[in-house]
Student: 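Questions regarding the structure given below will be posed in turn.
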Amino acid sequence: MSDNLKLADLLLPHIDKTPDYYEALYPERSLKEGAKVTRVAPSPTGYLHIGTLFTSLVNRIAATSSEGIFFTRIEDTDKKREVEGGIENIIDGLNRFGITIDEGFVSGKEEKGIYGPYQQSRRAEIYQTYVKDLIRKGFAYPCFCTAEELEATRAEQEKANIRTGYHGEWAACRSLTFDEIKSKIDAGIPFVIRLKSPGNEENKVVYEDLIKGKIEMPENDEDFVLLKSDGIPTYHFAHAIDDHLMHTTHVMRGDEWISSVPKHLQLFRILGFKVPKFAHVSPIMKLDDGAKRKISKRKDPEAAVHFFIEEGFDAIAVVEYLMTIAASDFEDFRRANPDKPYTEFKFNLKKMSVSGALFDENKLLDVSKNIISRMSGETVSEKITAWAKEFDTEFYRLLIKDQSYTKAIFSIDRDCAKPRKDIAKWKEAKDYVSYFFDELFAPDYTLPDNLTPADACEFLKAYVKVYNESDDKQQWFERIKELCPALGFASETKAYKAAPASYKGHAGDLSTVLRIAVTGRRNTPDLCSIMKVLGKDKCVERIEEAIKHIL
RNA sequence: GGCCCGGUGGUCAAGAGGCCUAAGACACCGCCCUUUCACGGCGGUAACACGAGUUCGAAUCUCGUCCGGGUCACCA
């Protein structure tokens with residue numbers, strides 16, 4: 001038996017399968033020509049990050065556009081960084097944003113698909129089988145170096161101005177004999193398995209990135225770690241094995257991975273796997289003190305997608321905004337098809353930005369306003385109620401007290417040809433509708449400069465007498481006009497503008513007075529509708545109260 | 001520092017050698033519409049990082065400079 005075979009058995013004695021077993025276990029997928037199999041492979045280290053949402057969305061839409069498959073895989077190979085509930089946080093987060101998952105973890109607990117397990121910590125045996133095979137073939141070896149030794153090597157390299165890393169002659173354990181290894185193993189010294197890299201730094205590897213284009217880099221010659229001392233693989237190795245076995249056609253991930261591509265390419269080649277297409281997406285950036293930088297989990301609240309939910313952004317608004325960043329032609333699609341779901345958009349990798357976009361809250365707000373303006377009053381009312389239930393109990397109680405009243409409030413100036421666009425996030429709604437609830441009503445009775453308290457009150461007193469709840473919008477305004485002459489105001493704005501000196505003001509000014517009296521503010525949606533929702537008793541009560549304050 | 005990637009208005013971007021006197025969207029400003037505010041309409045301010053080259057012709061191709069970003073782990 002050759003040393004390599006003996007070594008393989010010595011290092012991984014419990015592994016009795018060969019790669020063939022798994023190759024047969026996970027057959028090719030039968031999908032239509034051109035279908036993309038994509039995935040997102042988060043590690044459960046915290047909350048769903050805006051960047052993860054973004055790449056998930058891109059992967060999802062790429063699969064959808066090609067009638068392919070999008071799956072999730074949990075990369076929990078680093079036990080130290082894992083957090084409780086990490087999988088739920090991420091997967092349920094994706095669900096919350098409407099990212100449908102065809103395969104893998106479809107919820108925090110439930111897994112679907114025949115290429116599993118979709119969690120790397122449960123795939124140890126698979127990785128080890130392939131590693132064992134690599135050892136047999138002389139492409140991998142055990143390394144017993146301690147962190148201190150590695151650090152010392154590094155220091156020495158830096159001092160001598162040599163490229164750092166575990167490569168070539170610096171790969172101390174590369175040339176260990178079988179007997180040396182055996183005695184270390186017998187002594188119980190922990191070890192990792194490293195790749196015996198056949199690469200040469202002088203050579204170039206070239207690959208075509210679907211987003212960035214042709215990229216040329218030095219070949220990998222680093223004997224990087226395949227299996228950590230706990231027998232769990234590093235990202236690089238797990239990526240190669242999993243994406244091969246799960247038949248991923250397009251690996252679309254954050255562009256921080258670009259520099260690792262030579263490692264991956266080498267791995268795929270040595271393992272005899274077909275190389276998937278790579279597309280590296282640029283991160284979402286943020287402006288910090290005038291400098292552009294990647295949104296960071298630690299510094300930026302908006303890194304956690306939960307932030308947007310709390311702020312009251314509708315999930316679909318965030319997704320649509322992300323789509324505008326993801327594809328430069330998405331806005332054209334949206335304009336041409338205002339009512340189609342974004343999932344019908346034909347996504348093309350070529351339309352993805354090469355450089356990272358700065359996160360633009362203004363744009364998000366705008367996208368959001370447009371989306372909300374297209375929702376029915378009922379939908380808006382339901383969504384706001386749902387949001388309040390989670391984040392503002394005081395508001396929630398008011399909203400559910402009388403649901404038809406709540407619905408009526410949010411239906412004003414909605415469901416029409418020119419719907420209002422003044423709500424961009426649910427958090428704003430409370431202030432926006434506060435005057436509909438006595439508990440929130442905080443009036444400011446300050447009159448515009450051109451109106452005197454006396455005129456205002458005289459008008460209000462007269463108005464109460466003629467107010468008819470069943471008037472339509474036109475009749476409603478007629479009432480105000482009719483009161484104008486007696487008060488010295490112009491019924492028609494044009495008349496006033498033609499001879500401002502002859503009047504104290506015009507009908508519009510008096511409607512402002514009424515608006516202030518009823519709502520306690522100068523700017524609101526259509527007053528006639530508001531008064532109808534409020535009801536005559538409440539309006540009269542408000543007007544009488546206002547008169548007391550104005551005088 | 002080595003290796004990669006990028007650089008068009010404040011932001012996102014269109015742009016593949018002549019169609020560029022450089023689209024569009026957001027933001028900002030002005031006007032119009034209008035009973036307020038929104039909406040809508042019209043208009044405006046504002047950009048090819050810099051320097052060489054290639055070419056009849058460069059935002060577009062090449063090189064250099066500068067500036068940003070990423071990466072150099074038993075993290076992903």
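Letters go in sequence order (proteins before strands), and every chain restarts at 1.
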Student: Measuring only the C1' atom in each nucleotide, how far is B:A76 from B:G70? A whole number of Å is fine.
Tutor: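 Each nucleotide's C1' atom is 15 Å from the other's.
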Student: Quick check on the 6.0 Å ring-centre criterion: do A:Phe268 and A:His244 meet it?
Tutor: no
Student: Which nucleotides of nucleotides 59-76 of chain B have their base under 4.0 Å from a protein heavy atom (B), which only their sugar-phosphate (S), and which neither (-), written as one string 5' to 3'?
Tutor: ---------SSSS-SBBB
Student: Using whole Å, report how far CG of A:Asp329 lies from C1' of B:A13.
Tutor: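 So the two atoms are 11 Å apart, to the nearest Å.
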Student: Measure CZ/A:Phe333 against P/B:A25 and give the value in whole Å, please.
Tutor: 19 Å
Student: Using both distances under 3.5 Å as the test, list the Watson-Crick or G-U wobble partner of B:C3, or none.
Tutor: B:G70
Student: Which residue lies toward the 5' end of RNA chain B, A:Asp422 or A:Lys204, if each is placed at its nearest nucleotide?
Tutor: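 Its nearest nucleotide lies further toward 5', so the answer is A:Lys204.
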Student: Provide, to the nearest angstrom, the distance between the CG atom belonging to A:Asp415 and the P atom belonging to B:A38.
Tutor: 22 Å
Student: Would you say the ring centroid of A:Phe237 lies under 6.0 angstrom from that of A:His264?
Tutor: no
Student: Can you tell me how far P in B:G68 sits from the matching atom in B:A16, rounded to whole Å?
Tutor: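 Comparing P positions in B:G68 and B:A16 gives a spacing of 30 Å.
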Student: What is the per-nucleotide protein-contact pattern of nucleotides 26-36 of chain B, from the 5' end, where B denotes a base atom under 4.0 Å from a protein heavy atom, S denotes such proximity for sugar-phosphate atoms only, and - denotes neither?
Tutor: SS-------BB
Student: Could you identify the nucleotide paired to B:G51, looking across every strand shown and requiring Watson-Crick or G-U wobble geometry with both distances under 3.5 Å?
Tutor: B:C63
Student: Any side-chain N or O of A:Lys421 below 4.0 angstrom from OP1/OP2 of B:C37?
Tutor: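 Checking A:Lys421 against B:C37: no side-chain N or O falls below 4.0 Å of OP1 or OP2.
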Student: How would you list, by chain and number, every residue that makes a salt bridge (charged side-chain N to carboxylate O under 4.0 Å, His left out) with A:Glu208, sequence neighbours excluded?
Tutor: none
Student: Under the rule for salt bridge (charged side-chain N to carboxylate O under 4.0 Å, His left out), what residues qualify as partners of A:Glu492, not counting sequence neighbours?
Tutor: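 Result, salt bridge (charged side-chain N to carboxylate O under 4.0 Å, His left out) vs A:Glu492: A:Lys481.
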Student: Tell me: NZ of A:Lys418 to P of B:C37, nearest whole Å?
Tutor: 15 Å
Student: Please state the C1' separation for the pair B:C56 and B:G2 - nearest whole angstrom.
Tutor: 43 Å
Student: Given that both distances must come in under 3.5 Å, which nucleotide forms a Watson-Crick or G-U wobble pair with B:G18?
Tutor: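 Across all strands, the one nucleotide that pairs with B:G18 is B:C56.
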Student: Can you tell me how far the CZ atom of A:Phe477 sits from the OG atom of A:Ser511, to the nearest 0.5 Å?
Tutor: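 Interatomic distance, A:Phe477 CZ to A:Ser511 OG, rounded to 0.5 Å: 5.5 Å.
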Student: Select base, sugar-phosphate, or nothing to describe what A:Ser353 touches, counting heavy atoms under 4.0 Å on all strands.
Tutor: sugar-phosphate
Student: Does A:Phe333 have its ring centroid less than 6.0 Å away from the ring centroid of A:Phe345?
Tutor: yes
Student: Can you give each donor-acceptor pair under 3.5 Å made by side-chain atoms of residues 349-360 of chain A, sequence neighbours left out, with the distance rounded to 0.1 Å?
Tutor:
unit_1: A:Ser353; atom_1: OG; unit_2: A:Ser355; atom_2: N; d: 3.3
unit_1: A:Ser353; atom_1: OG; unit_2: A:Ser355; atom_2: O; d: 2.7
unit_1: A:Asp360; atom_1: OD1; unit_2: A:Asn362; atom_2: N; d: 3.0
unit_1: A:Asp360; atom_1: OD1; unit_2: A:Lys363; atom_2: N; d: 3.3

Student: For B:C72 and B:U54, measure between their C1' atoms and round to the nearest Å.
Tutor: 37 Å
Student: Distance between the P atoms of B:G1 and B:G44, in whole angstroms?
Tutor: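 Rounded to whole Å, the distance is 46 Å.
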Student: Checking all strands, does A:Glu216 fall into the base, sugar-phosphate, or nothing category for heavy-atom contacts under 4.0 angstrom?
Tutor: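 Sugar-phosphate, no base atom in range.
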Student: Starting at atom CZ of A:Arg335, determine the distance to atom P of B:A14, rounded to an integer number of angstrom.
Tutor: 13 Å
Student: How is A:Lys79 classified with respect to the nucleic acid when contacts are heavy atoms under 4.0 Å: base, sugar-phosphate, or nothing?
Tutor: nothing
Student: Whole-Å distance between B:C5 P and A:Glu208 CD?
Tutor: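 Interatomic distance, CD of A:Glu208 to P of B:C5: 12 Å.
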Student: Rounding to an integer number of angstrom, what distance separates B:C66 and B:G30 when you compare their P atoms?
Tutor: 43 Å
Student: Send over the distance from A:Glu361 CD to B:A25 C1', rounded to a whole Å.
Tutor: 17 Å
Student: With a 4.5 Å limit on heavy-atom distance, are the side chains of A:Cys484 and A:Leu510 in contact?
Tutor: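 Result yes, sub-4.5 Å side-chain heavy-atom pair found.
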Student: B:A14 P sits how many Å from A:Phe330 CZ, rounded?
Tutor: 15 Å
Student: Take A:Lys350 and A:Ile325, find for each the nucleotide of RNA chain B with the closest heavy atom, and name the residue whose nucleotide sits nearer the 5' end.
Tutor: A:Ile325
Student: Suppose we screen for side-chain hydrogen bond (donor to acceptor under 3.5 Å, both in side chains). Which residues come up paired with A:Gln128, at least two apart in sequence or across chains?
Tutor: A:His14
Student: Roughly how far apart, to the nearest Å, are B:A27 and B:A47 at atom C1'?
Tutor: 16 Å
Student: Do the ring centers of A:Trp257 and A:Tyr235 come within less than 6.0 Å of each other?
Tutor: yes
Student: Sort out the partner of B:G40 for me: Watson-Crick or G-U wobble, both distances under 3.5 Å, none otherwise.
Tutor: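 Its partner is B:C32.
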Student: Sort out the partner of B:G24 for me: Watson-Crick or G-U wobble, both distances under 3.5 Å, none otherwise.
Tutor: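 Checking every strand shown, B:G24 finds its partner in B:C12, with both distances under 3.5 Å.
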Student: What integer number of Å spans the P atoms of B:C31 and B:U36?
Tutor: 15 Å
Student: Is a side-chain N or O of A:Thr55 found less than 3.5 angstrom from the main chain of A:Gly51, in a donor-acceptor match?
Tutor: yes
